[in-house]
There are 2 protein chains.
Amino acid sequence: MPQPLSSRDKILDVAEALFARRGYTGVGLRELADATGLGKSSLFHHFRGKAELYCVVVARALERIEAGVAPVFESDAPPGERLERLVGALVDQLAEQPTTARLLLRALFEEEEFAADPPAEAARAEAIVASLVTRMQALLHEGVEAGVFRRASSAHTAQTLIGATVYHFASAEVGEGILGKPLFSAEAVAERKAELIALLRHGLAAPASPSPQHRGDPPWRS
Amino acid sequence: MPQPLSSRDKILDVAEALFARRGYTGVGLRELADATGLGKSSLFHHFRGKAELYCVVVARALERIEAGVAPVFESDAPPGERLERLVGALVDQLAEQPTTARLLLRALFEEEEFAADPPAEAARAEAIVASLVTRMQALLHEGVEAGVFRRASSAHTAQTLIGATVYHFASAEVGEGILGKPLFSAEAVAERKAELIALLRHGLAAPASPSPQHRGDPPWRS
DNA sequence: GTCTATAGTGAGATAGAC
DNA sequence: GTCTATCTCACTATAGAC
C-alpha cells in the first residue's frame with residue numbers, strides 16, 4: 001500500500017519544497033533534477049516544461065486545502081460553529097506541510113507571469129481559489145442574515161481570514177521572531193487556532209441588544 | 001525645490017515597481033536599465049550589485065512605513081485610540097503606493113536568499129521591521145494591562161494585523177475579485193480601514209463584566 | 001523512461017574608453 | 001557618470017542514443 005513514489009510524484013514533492021523556498025524564477029531545473037536524482041532532461045518527459053510543472057504543483061497544494069475544508073462547508077451546523085471549524089480546518093491544512101502557505105502566497109504573485117501562455121493547470125488552480133472564496137463569503141453572508149454575525153463586509157472579512165491564516169504560516173523568520181517559537185510547533189499551531197477563533201467570536205458576534213438604529217461601533221472602555 | 005530626480009533615485013523608483021511586480025530573481029538588470037533609460041553598466045556605478053540595489057529599495061519602502069506610523073507611537077492617547085490610529089496609518093501608507101505591500105510581502109520570502117552574502121542595507125530593513133513589531137506588541141500589551149483590551153496574545157494579534165493589512169493590499173487580482181472593485185480605489189481603502197477598526201473594536205475590547213473567572217469565550221447567539 | 005550532448009538565449013558582472 | 005564590448009556562467013529546452 002505505501003507504494004514507492006512514482007518519478008512524477010517525487011518530482012512534484014521536491015519541486016513543491018523548492019518553489020516554496022525560492023519561487024518560480026528562483027528554482028532551476030538543474031537544481032530540481034539533482035534533488036530528485038534524475039537527469040535534467042527526464043523532467044521534460046513528465047511535464048511539458050517548467051511552467052506546467054509549477055502549475056501542477058500549485059494546483060495539487062490547493063486540492064489538499066480544498067479536500068481538508070470541504071467537509072466543513074457540507075456540514076449543516078449553525079454558521080458560527082461552521083466558521084470556527086473552517087478556521088480550524090484551514091489552519092490544520094496550512095500547518096500540515098510547512099511549504100504550503102509560502103507556496104500559495106508566492107503563487108498569488110507569480111500567477112500573472114503566465115498571462116501570456118497559461119498552462120491548462122493554471123485554470124484549475126484559479127477555479128479552486130474562486131470556489132473556496134465563494135463558499136467562505138456565502139457562509140459569512142448566511143451568518144449575517146441569520147442574525148448571528150454582525151453586519152461586517154463578507155468580502156473584507158474573507159480577506160482578513162485569508163491574510164490571518166496564509167500570511168501567518170508563510171511569515172517564516174519574521175513570524176517566529178514575533179512568536180518566540182517555531183511557527184509549526186504543535187503549541188504554536190494550537191495557539192493560532194485558538195486566537196483566531198477568539199478574535200472572530202468577539203469580533204464578529206452580533207451585538208447582544210439588536211437595537212435597529214445602533215449602527216456605530218462601541219467605544220473603548222477607558 | 002522639485003529638483004529633477006538624481007539617477008540614483010530614478011533607478012530606485014523604477015526598480016521598486018519592477019521588484020514589486022516580478023520579484024528579485026524575476027527582474028533583470030537589462031530590463032531595469034532600459035526602463036530607466038540608462039545603460040546596464042551604469043547601474044553598477046550607483047550600486048555594488050543587484051543584491052545591494054534590492055536591499056536599498058526594500059529599506060526605503062520600510063522607512064516610508066516607519067515615518068508614517070511613528071507619530072502614532074509617540075502619541076499619548078489611550079491604547080484603544082492609538083491602536084485605531086496605527087491601523088489607519090498603516091493602511092494609508094500601504095495604500096499610498098500600490099507597490100509597497102507586494103514589495104514587502106515578497107521581501108519577507110526573499111530575505112533568506114541573502115543569508116550567504118548579506119548587503120549592509122539588509123540589516124537596516126530587519127531593524128526597522130523589528131522596531132515596528134516591538135512597538136506594536138508593546139501597545140497591545142499596554143492595552144491589556146490597562147484593562148481596555150481583553151487578554152489576547154499580543155504576538156498573534158500583531159501577526160493578524162500585519163496579515164490583514166499587508167496581505168490585503170498585496171492580494172492583487174484575487175483580492176479585487178473578492179472585493180469587486182479596485183483594491184486601491186479611495187472607496188475600497190476607506191472600507192478596509194473601517195472594517196479592520198470595527199473588527200478590532202468588537203474583537204479586542206475587554207468584556208463589559210470583568211468577572212475574574214470568566215476565561216471562556218462567549219458562545220454564538222444562536 | 002532515462003540518459004549525454006548541445007543548441008540558443010540571457011543573466012550578472014567587469015574593463016576601459018570617453 | 002555613462003557608454004560599448006566582453007567575460008563567464010546558468011538557464012530552458014531539444015535531439016537522439018540506449
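Numbers restart at 1 for each chain; the letters A, B, ... are given by sequence-line order, proteins then strands.
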When the distance from [atom1] of [X] to [atom2] of [N] is rounded to whole Å, what number comes out?
X	N	atom1	atom2	value
B:Phe44	C:dG12	CZ	P	7 Å
B:Leu43	C:dT14	CG	P	13 Å
B:Tyr24	C:dA11	OH	P	14 Å

Could you work out which one of [options] sits closest to the side chain of [X]?
X	options	answer
A:Lys40	C:dT14, C:dC3, C:dT6	C:dT6
B:Ser41	C:dT14, C:dT2, D:dA15	C:dT14
A:Lys50	C:dT2, C:dG12, D:dA13	D:dA13
B:Leu29	D:dT2, C:dA13, C:dA11	C:dA13

*Does a side chain donor of either A:Ser153 or B:Glu191 reach within less than 3.5 Å of an acceptor in the other side chain?*
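Absent: no donor and acceptor within the cut-off.
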_Pairing residues for B:Phe114 by the ring-ring contact (aromatic ring centres under 6.0 Å, His included) criterion, not counting sequence neighbours_ =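 Only B:Tyr24, B:Tyr54 meet the ring-ring contact (aromatic ring centres under 6.0 Å, His included) criterion with B:Phe114.
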*Phosphate-side-chain proximity, A:Ser42 and C:dG1, N/O vs OP1/OP2 below 4.0 Å*: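 So the side-chain polar atoms of A:Ser42 never come under 4.0 Å of the phosphate oxygens OP1 or OP2 of C:dG1.
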*Do the side-chain N or O atoms of A:His45 get closer than 4.0 angstrom to the phosphate oxygens (OP1, OP2) of C:dC3?*
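Answer is no, no contact under 4.0 Å.
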*Look at B:Glu187 together with B:Arg192 and state whether they make a salt bridge at an N to O cut-off of under 4.0 Å.*
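Salt bridge flag = no for B:Arg192 with B:Glu187.
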*State whether B:Arg135 and B:Glu66 are salt-bridged, where the test is any N-O pair (Lys NZ or Arg NE/NH1/NH2 against Asp/Glu carboxylate O) under 4.0 Å.*
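Counted as a salt bridge, because a side-chain N and a carboxylate O are separated by less than 4.0 Å.
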*asked:* So, under a plain 3.5 Å distance rule, would you say the side chain of A:Ser7 forms a donor-acceptor pair with the base of C:dT2?
replied: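 In this structure, the two groups form no donor-acceptor pair.
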